[in-house]
Amino acid sequence: MRVKRRSKHRKVVKFYATCFGFREPYRVLVDGTFVYHLLLHRLLPADDALQSLLSASRPPPLFTSKCVLAELRRLGKSHAEAFDAAGLLATAKCEHDKVVSAVDCILSLIGDKNHEHFFVATQDSDLRAKLREVPGVPVIYGLKSSLFIEQPSVQQRKFAQLDEEKRLHMGKTEYQMQLKVASDGKMAENENASDDEKKRRPVSSLVQNALGVADKSKFKKKRPKGPNPLSCKKKKPKPQLSAAQNQGPKADGEAKRKRVRKRKKSHTVSKPTEATVS
């Protein structure tokens, strides 16, 4: 279960890094409820616990605000330890002349699009519900002795999709602005060019040059210019035998073929013929 949970958290962090430009070191904005939860369940040190949660290479810096500290002070002795721990964190500057509630202070620090790229850590369910409607705000919360990152809400996914489509498809007004910038930038070159060259030049090339898009011809794939030199190697000639070596086995063969076996004649002793008696 821990492996699956960690992989889900990594996907969430990757989503915000890809769609909203979050980069390390990640910045975490905590409120009093989250600090109290960390101390209650002894999730200390807090920066190490959050580093493991975010799968970061270094501990993320933790921030709070003066309004959050003022709220913890008003809660009294029950949150005295949380007030002391929150006082050790870095303080994010909020533009409030008078102290406001922690929820309003955090929402003002986040703004419309979370330009500071804060991870907001809170146990307040109302604040978490409001942050889901703001694009680009990852929310961290605790459940007993474990920490979690909320999955991106439907509003955040739709905003990321619309933002991507906006970058891919240029509107008419943006097209005209880019065309004007490109034409102004190429004014000096166009004065020296001939009339035929001006007519041949397409409008899309001006827009591409204004956007910094390079021509496709500059990025041709490298292909082999010739065959493999190892395949073109000449075969080594076979060593030729000398005349004596060529004739040697032939002579021996001929001698073997000419050889004739001689049969041994058996020497029979002739018996003396008996003289006939007349």
Side-chain angles (χ1 to χ4, degrees), residues 9 12-13 15-17 19-23 25-41 43-44 46-47 49-50 53-54 56 59-144 146-160 162-163:
H9 294 163
V12 174
V13 174
F15 169 79
Y16 286 102
C19 299
F20 299 100
F22 279 68
R23 296 291 182 269
Y26 302 124
R27 308 171 70 189
V28 182
L29 180 63
V30 301
D31 66 348
T33 59
F34 189 77
V35 175
Y36 181 78
H37 180 82
L38 292 176
L39 295 174
L40 181 63
H41 295 280
L43 297 173
L44 302 173
D47 51 357
L50 290 169
L53 175 69
L54 301 176
L62 307 182
F63 293 85
T64 187
S65 67
K66 63 180 183 181
C67 299
V68 173
L69 293 173
E71 187 177 75
L72 287 173
R73 187 187 295 111
R74 287 196 302 266
L75 292 175
K77 294 182 180 180
S78 60
H79 290 70
E81 188 179 0
F83 173 74
D84 295 337
L88 300 175
L89 304 179
T91 305
K93 294 182 180 179
C94 58
E95 299 177 357
H96 298 133
D97 297 333
K98 296 182 180 180
V99 177
V100 297
S101 64
V103 175
D104 295 337
C105 182
I106 290 175
L107 290 175
S108 65
L109 287 172
I110 294 300
D112 296 334
K113 294 184 180 180
N114 192 14
H115 296 288
E116 297 294 331
H117 296 134
F118 278 121
F119 283 80
V120 180
T122 179
Q123 296 295 108
D124 192 344
S125 58
D126 295 335
L127 178 58
R128 286 163 55 186
K130 292 179 180 179
L131 291 174
R132 292 190 193 103
E133 300 177 359
V134 182
V137 184
V139 178
I140 300 172
Y141 66 96
L143 187 61
K144 293 184 179 181
S146 301
L147 298 178
F148 297 87
I149 307 176
E150 281 191 356
Q151 294 293 322
S153 62
V154 178
Q155 292 85 352
Q156 292 183 0
R157 292 186 182 276
K158 285 184 178 179
F159 182 85
L162 292 174
D163 189 36

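FYI, side chains are in, hydrogens and waters are out, and symmetry mates aren't considered; it's all heavy atoms of this structure. Counting begins at 1 with the first residue of the sequence.
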Requested in this report: Apply side-chain hydrogen bond (donor to acceptor under 3.5 Å, both in side chains) to the pair Thr33 and Asp31, showing each step before the final yes or no.
Outcome: CA-CA 6 Å; Thr33 59; Asp31 66 348; 2.8 Å; yes
Report task. Look at the side chain of His37 and the backbone N and O of Lys144, then say whether any donor-acceptor pair between them is shorter than 3.5 Å. Result -> yes
**Report entry** Pairwise distance OH(Tyr141) to CD1(Ile149) - rounded to 0.5 angstrom
**Finding:** 10.0 Å
Report task. Answer whether the closest heavy-atom distance between the side chains of Cys67 and Ser101 falls below 4.5 Å. Result -> no
Query raised in the report: Looking at residues at least two apart in the chain, or sitting in another chain, which of them share a side chain to side chain donor-acceptor pair (under 3.5 Å) with Arg132?
Result: Glu150
Query raised in the report: Which heavy atom in Phe15 sits nearest to a heavy atom in Gln156, and how many Å separate them?
Result: CZ-O, 4.3 Å
**Report entry** Qualifying residues under side chain to side chain contact (heavy atoms under 4.5 Å, CB included), relative to Pro59, sequence neighbours excluded
**Finding:** Asp47, Asp48, Gln51
Requested in this report: Calculate, to the nearest 0.5 Å, the distance between atoms CG and CZ belonging to Leu54 and Phe22 respectively.
Outcome: 10.5 Å
I'd like a table of donor-acceptor pairs (distance under 3.5 Å, sequence neighbours excluded) in which one partner is a side-chain atom from residues 106-117, with atom names and distances.
| from | atom 1 | to | atom 2 | distance (Å) |
| --- | --- | --- | --- | --- |
| Ser108 | OG | His96 | NE2 | 3.3 |
| Ser108 | OG | Asp104 | O | 3.3 |
| Ser108 | OG | Cys105 | O | 2.6 |
| Asn114 | OD1 | His117 | N | 3.3 |
| Asn114 | OD1 | Phe118 | N | 3.1 |
| Asn114 | ND2 | Phe118 | O | 3.0 |
| Asn114 | ND2 | Gly136 | O | 2.8 |
| Glu116 | OE1 | Arg27 | NH1 | 2.9 |
| His117 | NE2 | Phe20 | O | 3.0 |

Report task. Would you give the length of the straight line joining atom CG of Leu131 to atom OG of Ser153, rounded to the nearest 0.5 angstrom? Result -> 10.0 Å
Requested in this report: Identify the heavy atoms of Tyr36 and Ser78 that sit nearest to each other, and give their distance.
Outcome: CE1-O, 3.8 Å
Query - Distance in Å, Arg157 CZ paired with Gln151 CD, rounded so as to fall on 0.5 Å steps - result: 6.5 Å
Report summary line: Shortest non-hydrogen pair, Pro138 vs Tyr16, comes out as CB-CE1, 3.6 Å
Query raised in the report: Less than 4.5 Å apart, any side-chain heavy atom of Leu143 and any of Phe148?
Result: yes
Report task. Compare every heavy atom of Arg128 with every heavy atom of Val139, then report the nearest pair and how far apart it is. Result -> CG1-CG, 3.6 Å
Requested in this report: For residues Phe34 and Asp124, determine if any side-chain heavy atom of one lies less than 4.5 Å from a side-chain heavy atom of the other.
Outcome: no
Report summary line: Output for pair (Gln155 CD, Glu133 CD), nearest 0.5 Å, gives 6.0 Å
**Report entry** Heavy-atom pair with the smallest gap, counting every atom of Ala86 and Leu69
**Finding:** CB-CD2, 3.5 Å
Query raised in the report: Looking at CG of Leu44 and CG of Leu39, how far apart are the two atoms once the value is rounded to the nearest 0.5 Å?
Result: 6.0 Å
Query - Thr122 vs Val30 side-chain heavy atoms within contact, under 4.5 Å - result: no
Query raised in the report: Which heavy atom of Ala121 sits nearest a heavy atom of Val28, and at what distance?
Result: CB-CG1, 4.0 Å
